[in-house]
Amino acid sequence: MEIVILAVVIAVVVLGAIGGLVVGSRRRKPLPPPPPTTPDITAPPAEPHVGDEAETPREEPRRTIEEVDLPDGSAPVAVEEPPVVELPPTEIEVPEPTAGRLVRLRARLSRSQNALGKGLLTLLSREHLDEETWEEIEDILLTADVGVQPTQELVERLRERVKVLGTRTPEQLRGLLREELLTLVGTDFDRTVKTEPETTKPGIVMVVGVNGTGKTTTTGKLARVLVADGRSVVLGAADTFRAAAADQLQTWGERVGAYTVRGPEAGDPASVAFDAVKEGKEMGADVVLIDTAGRLHTKTGLMDELGKVKRVVEKHAPLDEVLLVLDATTGQNGLVQARVFAEVVDITGIVLTKLDGTAKGGIVVAVQRELGVPVKLVGLGEGADDLAPFEPEAFVDALIGE
Ligand SMILES: Nc1nc2c(ncn2[C@@H]2O[C@H](COP(=O)(O)OP(=O)(O)OP(=O)(O)O)[C@@H](O)[C@H]2O)c(=O)[nH]1
Ligand SMILES: [Mg+2]
């Protein structure tokens, strides 16, 4: 009996010890570390220790056969591919050719300008051209911002010629109006943008105007035109008022592969312009285009600053072009601006922007009269290739319709 009791006690003690061990070992086992983000596939498998369970704990990621390094290292090792870094596209755009752009963009012009030509043709076609009709013709021209003097000249000539003509067919009238408008717009001006100096490269072009007329856009579009014609271009970000202005210009440049020279924000615009030409020279560029900050023609300090930019650049070489950018939608105010800018920095050409959004195309005539300087380029939209060389014939055709 004693033996039986002893055996039971021993059995209980042994079982208890075994149970305690098991429970104890479970308690002592540390939690598996969180799975590493990139498993160290090169580390050899850990040696098993006493008390470890035979099976891989469920929390650990199971390794596939490929991941297990064999002793001789001959097994294929899955090396993680380095992440592919998406580089921004460096593809350089090829701008549209410049020839015939105004013809292509004529629809933009005629949409807003047609009122002028169509209105004139309708009035001229009236059976009886009385004083009132001639006054209406005058009004149309004045509304289109042709200006008082040119309007009177045109009406006088039209009256004369219509009288001589006697009976008029619509075709005759159209031809007559076309001729007279062409005379007014002027076919004798040299409208080429001068970028090829006679002596040494690079050609230097400076772009000026009041705020928001489209200077930077025009500089960018012009860079595209030049690049399309096979010229190398350096851009000078002489608008140092805002860092964003230089960024804006640089973006235009990057699209066609033109290098942009910029200076510190609020730095001296004259020194940026100077450096741009200097770098253009060193790089052997064909043309340097200098974008300037918008400035009100009424602020003397800012106008003086512009004069200084020009003088400093001229330490390198004379400027080939000083382009005044005028917003066609501002109408007659453009004339006042033109006058003041011309005094400070001899304007050599006018860029008339936003002609796509106005019926005031007559400003072409008025501003040329005011400055005695031709409109060389017209902006017909915000698109990169919406800048066209100004061609009087295409312009007048757009006015009076096909
Ligand atoms: N519709 C139309 N918009 C134009 C044209 N040219 C420029 N713009 C727009 O006019 C706005 C002003 O253009 P910018 O080139 O920044 O003018 P900016 O003269 O450099 O302006 P500031 O540097 O601030 O003086 C932009 O939204 C252009 O897209 C054009 O011919 N037609
Ligand atoms: Mg600008």
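In listed order, ligands and their atoms are each counted from 1.
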Looking at atom 29 (O) of ligand 1, what's its closest protein heavy atom, distance included? Glu382 OE1, 2.6 Å
Which residue owns the protein heavy atom closest to atom 16 (O) of ligand 1, what's the atom, and how far is it? Gln248 NE2, 3.1 Å
Closest heavy-atom pair and its distance - Gln368, Val375: OE1-N, 3.1 Å
Does CD in Glu196 sit with more than 12 non-hydrogen atoms of other residues, nucleotides or ligands closer than 6.0 Å? no
Looking only at distances, can you tell me whether any N or O atom of Leu355, backbone or side chain, sits closer than 3.5 Å to an N or O atom of ligand 1? no
Identity and distance of the protein heavy atom lying nearest atom 24 (O) of ligand 1: Arg242 NH2, 3.4 Å
To which of Thr217, Val207, Thr219 does the heavy atom nearest atom 13 (O) of ligand 1 belong? Thr217
Can you tell me if Gly212 has a non-hydrogen atom under 4.0 Å from ligand 1? yes
Polar contact flag, side-chain donor to acceptor under 3.5 angstrom, Lys194-Thr192: yes
Heteroatom N/O/S of Thr216 within less than 2.8 Å of the Mg ion (ligand 2): yes
Are any side-chain N or O atoms of Arg369 and backbone N or O atoms of Leu184, one a donor and one an acceptor, separated by less than 3.5 Å? no
Suppose we measure from atom 18 (P) of ligand 1 to each protein heavy atom; which comes out shortest, and what is that distance? Lys215 N, 3.4 Å
Heavy-atom contact check, 4.0 Å cutoff: does Thr213 meet ligand 1? yes
Hydrogens and angles aside, do Thr330 and Asp327 bring a side-chain donor and acceptor to less than 3.5 Å of each other? no
Polar proximity ligand 1 side, Thr292 side, N/O cut 3.5 Å exclusive: no
Specify the protein heavy atom at minimum distance from atom 8 (N) of ligand 1: its residue, its atom name, and the distance to 0.1 Å. Lys354 CE, 3.8 Å
Out of all atoms in ligand 1, which are within 4.0 Å of some heavy atom of Asp239? Include the element for each. 23 (O)
From the candidates Thr353, Leu380, Thr216, Val210, the one that places a heavy atom nearest atom 20 (O) of ligand 1: Thr216
I need the Leu158 CG to Leu165 CG distance, nearest 0.5 Å. 11.0 Å
Any luck finding a side-chain donor-acceptor pair between Thr292 and Asp239 under 3.5 Å? no
List every atom of ligand 1 that sits less than 4.0 Å from any heavy atom of Gly294, numbering the atoms from 1 in the order shown and giving each element. 25 (O)
Answer yes or no: does atom CZ of Arg157 have more than 12 heavy-atom neighbours from other residues, nucleotides or ligands under 6.0 Å? no
For atom 32 (N) of ligand 1, the closest protein heavy atom turns out to be Asp356 OD1, 2.9 Å
Contact with ligand 1 for Ala245, non-hydrogen, under 4.0 angstrom: no
Contact check: Gly379 vs ligand 1, nitrogen or oxygen atoms, below 3.5 angstrom: yes
We want to know whether Ser125 and Arg168 form a side-chain donor-acceptor pair, criterion being a heavy-atom distance below 3.5 angstrom. no
Should Asp397 and Arg178 count as side-chain neighbours, where that means a heavy-atom distance under 4.5 Å? yes
Residues in salt bridge (charged side-chain N to carboxylate O under 4.0 Å, His left out) with Lys376, at least two apart? Glu321
